[in-house]
Amino acid sequence: MSAKVSASAITASIRSGKRSPKEIIASALSRAREVDDVEKLNVFLERADRQANEHAARLNPDDPALASASLLGVPFAAKDNISVAGLQVTCGSRILEGYISPYTATAIERLRAAGAVLVGKTNLDEFAMGSSTENSAFGPTKNPIAPELVPGGSSGGSAAAVAAGVVPLALGSETGGSVRQPAAFCGVVGVKPTYGRVSRYGLVAFGSSLDQIGVFGTNVSDAALALRTIAGRDDRDATSADAVVPDYVAMKSDTLKGVVIGRPKEYFPPELDAHIGTLCERAFDRFRTLGAEVRDVSLPHTSLAIPVYYIVAPAEASSNLARFDGVRYGLRESSDGGAAGLRGMYEATRSGGFGPEVTRRIMLGTYVLSAGYYDAYYRKAMQVRTLIAEDFRAVFAGGVHALFTPTTPTPAFPFGSRSDPYEMYLSDIFTCTANLAGVPALSLPIGRVGKLPVGGQIITSHFDEPRMFQVAAALERILGVEAHQ
């Protein structure tokens, strides 16, 4: 496999008879072993060799049932908080080490139904809590472009799998930027759909009102194809929307005439890395060349997004993670000199199974939900969250079709350089607003600072992924090789 081989090219090569699904999958599995065993990138927590080979052997391009399979023979990876029957789902945590999922997530089922083949489960920050994949209980993933740097997080393993050329597509999860931020750091495309666009069935919950399964792709077209495949109503997820899923791949256009691109001033502060600012301005120039109007806009409550997010997300996490108690599944530790009985087992299991970042967020979430503090913190945060969502509604209602911003305030950073938790949290400053508002957003490469990729972010209104992909594809096309230089 190569990072330059797109999903559509793989399927075309299989249908033309140039390559077989078995060859493609064998190559992907070989590359997966290479990146972990030789290059030591620590991308995969589990390789699905047996399942992948068996699935590939069943894929016959001449089978009429596969005539419309849009991802025939395409290998993909999935973040290890997305369930697959017969494989581990560890969430990057010792508390679930060795736990085998009894069922498969809807997103995985839909990709497989389209002919795609899962080759492995990827590393992540424990329970998707982090921005660097340094919080994984099984060690950090390294950035394929610069192994001394983080790949981003929490979906760092999936981003690295695409960037390293193992697969052209991968699934991640988004709670506050966990697909877009690592996509920017690794120089690939990452998409967070509208809340409700993709079923969350089979995704281990972190923040239920924020979580969405997202996709990584080698390019905009691959990401569009993957999202089109997994999107749509699912009766097993009451939060999934019964909305029409357009053909995102068909949204390509040679012009953006009549399109208004918003430049939110709050995303371009004076302290923004000057090189990133320059690359964003180049992107705005390219939008104008394509015929778009660039308009300055304001999202006035943006500065409150990080404090709101780090109240709402931990509060929901403290509730969702209460189920990991050593009784039903996963790790069980006996008390050793502490409280006796059931409570002692709870304490020993959760203290031994959860890492420091997860523990920190559970404690914070429990605190803001406790009697006497709920109104002061959680209720107030939810009120401000509504204001953030209203900012987006007002801008889009005012005639702006898409917003363009930097994805991250800096390029990828060295391991261990963000020891202050709040400094790490600021990595999500440009991404968490889309999760709080529930709108779709996409990151794509727009250039490099030295050898390090820089991502630009496109945000559109609810369920307007077609416009998002139209703008992204046009920018990708006009930037060409500049996006990776």
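Residue I458 holds its CD1 atom at 13.0 Å from CD of E465, rounded to the nearest 0.5 Å. In this structure, the separation between OG on S158 and CG on L169 is 11.0 Å, given to the nearest 0.5 Å. I10 CD1 to I14 CD1: the interatomic distance, rounded to the nearest 0.5 Å, is 7.0 Å. Taking OG from S13 and CD from E23, the interatomic distance works out to 8.5 Å, rounded to the nearest 0.5 Å. To the nearest 0.5 Å, the span separating OH on Y267 from SG on C280 amounts to 12.5 Å. Taking CG of L111 as the reference point, atom OG1 of T229 lies at 6.0 Å (rounded to 0.5 Å).
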Quick one: do E46 and K121 satisfy salt bridge (charged side-chain N to carboxylate O under 4.0 Å, His left out)? Show the steps, please.
CA-CA 5 Å; E46 183 177 12; K121 305 291 293 297; 5.8 Å; no

Candidate pair R360 and E357, rule salt bridge (charged side-chain N to carboxylate O under 4.0 Å, His left out), full reasoning
CA-CA 5 Å; R360 180 182 296 114; E357 181 60 29; 2.3 Å; yes

Chi angles and distances behind the salt bridge (charged side-chain N to carboxylate O under 4.0 Å, His left out) call for E482, R286:
CA-CA 11 Å; E482 288 182 311; R286 297 296 186 274; 3.0 Å; yes

Applying side-chain contact (heavy atoms from CB on, under 4.5 Å), run through L321 and I362 and close with a yes or a no.
CA-CA 8 Å; L321 270 62; I362 290 173; 4.0 Å; yes

Kindly determine whether S93 and E126 satisfy side-chain hydrogen bond (donor to acceptor under 3.5 Å, both in side chains), including the steps that lead there.
CA-CA 5 Å; S93 178; E126 185 179 10; 2.6 Å; yes

side-chain hydrogen bond (donor to acceptor under 3.5 Å, both in side chains) for R236 and T106? Distances and angles first, verdict last.
CA-CA 9 Å; R236 295 175 295 186; T106 297; 2.9 Å; yes

Intermediate values then yes/no, side-chain hydrogen bond (donor to acceptor under 3.5 Å, both in side chains), D80 and T90:
CA-CA 6 Å; D80 198 27; T90 69; 2.6 Å; yes

Full working for side-chain contact (heavy atoms from CB on, under 4.5 Å) between L442 and V189
CA-CA 7 Å; L442 175 154; V189 174; 4.2 Å; yes

Run the side-chain hydrogen bond (donor to acceptor under 3.5 Å, both in side chains) test on E316 and S209 for me, step by step, so that the C-alpha distance in whole Å, both residues' side-chain angles and the decisive distance to 0.1 Å come before the verdict.
CA-CA 8 Å; E316 295 184 3; S209 74; 2.5 Å; yes

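Close placement of the F127 and F324 rings is indicated, their centers lying within 6.0 Å of each other. If you look at Y201 and Y103, their ring centroids are closer than 6.0 Å.
Side chains of D237 and T239: a donor on one and an acceptor on the other come within 3.5 Å. For the 3.5 Å distance criterion, the side chains of S6 and S8 qualify, holding a donor opposite an acceptor. In the model, S154 has a side-chain atom that pairs as donor or acceptor with a side-chain atom of K79 under 3.5 Å.
Counting only distance, with no hydrogens or angles, the side chain of N320 and the backbone of F206 share a donor-acceptor pair below 3.5 Å. Judged purely by atom type and a 3.5 angstrom limit, R350 has no side-chain atom pairing as donor or acceptor with the backbone of I95. With hydrogens and angles ignored, the 3.5 Å screen pairs no side-chain donor or acceptor of S443 with any backbone N or O of G455. A distance-only check finds no donor-acceptor pair linking the side chain of D125 to the backbone of A128 [under 3.5 Å]. The backbone N or O of G139 sits less than 3.5 Å from a side-chain atom of N123, completing a donor-acceptor pair. For the pair T175 (side chain) and G207 (backbone), a donor-acceptor distance under 3.5 Å is absent. Remark: the backbone N or O of P140 is not paired with any side-chain donor or acceptor of S136 at under 3.5 angstrom. Remark: the backbone N or O of S173 is not paired with any side-chain donor or acceptor of N81 at under 3.5 angstrom. The main-chain N or O of F138 is found under 3.5 Å from a side-chain atom of N42 such that the two form a donor-acceptor pair. Counting only distance, with no hydrogens or angles, the side chain of S83 and the backbone of G202 share a donor-acceptor pair below 3.5 Å.
When side chains are defined from C-beta on, D222 does not count as touching F216, because their heavy atoms never get closer than 4.5 Å. Counting heavy atoms from C-beta outward, I446 and R282 have side chains that stay 4.5 Å or more apart. Residues L203 and D211 have side chains in contact (heavy-atom distance under 4.5 Å, counting atoms from C-beta outward). Counting only heavy atoms from C-beta outward, the side chains of F469 and V191 approach each other to under 4.5 Å. Contact annotation: the side chain of P411 approaches that of I276 to within less than 4.5 Å [non-hydrogen atoms, C-beta and beyond]. In this structure, V150 and N143 have side chains that are not in contact, with every pair of non-hydrogen atoms separated by 4.5 Å or more. Taking 4.5 Å as the limit, every side-chain heavy atom of F354 sits out of range of all side-chain heavy atoms of R361. Residues P144 and V35 form no side-chain contact, since every pair of their non-hydrogen atoms from C-beta on lies 4.5 Å or further apart.
The heavy-atom pair separating Q181 from S131 by the smallest distance is NE2-O, 2.9 Å. Contact between T122 and G157 at its shortest, heavy atoms only, is CB-C, 3.6 Å. Taking every heavy atom of both residues into account, I25 and G73 meet most closely at CD1-O, 3.8 Å. Between S318 and G365, the shortest heavy-atom contact is OG-C, 3.6 Å. Heavy-atom minimum distance, V167 versus V119: CG1-CG2, 3.6 Å. R15 and L66 make their closest contact through NH2-O, 2.7 Å (heavy atoms, listed as atom of the first residue, atom of the second, distance).
A side chain to side chain donor-acceptor pair (under 3.5 Å) with N435 is found for one member of Q212, R180, K192 and no other, namely R180. Screening I230, I213, V84, L87 for a side chain to side chain contact (heavy atoms under 4.5 Å, CB included) involving I108 leaves a single residue, V84. Each of I145, L41, T141 was checked for a side chain to side chain contact (heavy atoms under 4.5 Å, CB included) with P151, and the lone residue meeting it is T141. Exactly one of T408, T431, T405, T407 qualifies for a side chain to side chain donor-acceptor pair (under 3.5 Å) with Q457. That residue is T405.
Of the charged side-chain nitrogens involved, at least one lies within less than 4.0 Å of a carboxylate oxygen, so that R31 and E34 count as a salt-bridged pair. Salt-bridge check for D247 with R228: passed, with a basic side-chain N closer than 4.0 Å to an acidic carboxylate O. Salt bridge status for R33 with D36: absent, with no side-chain N to carboxylate O gap under 4.0 Å. Salt-bridge annotation for R233 and D235: present, with a side-chain N of the basic residue lying under 4.0 Å from a carboxylate O of the acidic one.
Within the cation-pi definition used here (under 6.0 Å to the ring centroid, within 45° of the axis), R197 does not qualify as a partner of F463.
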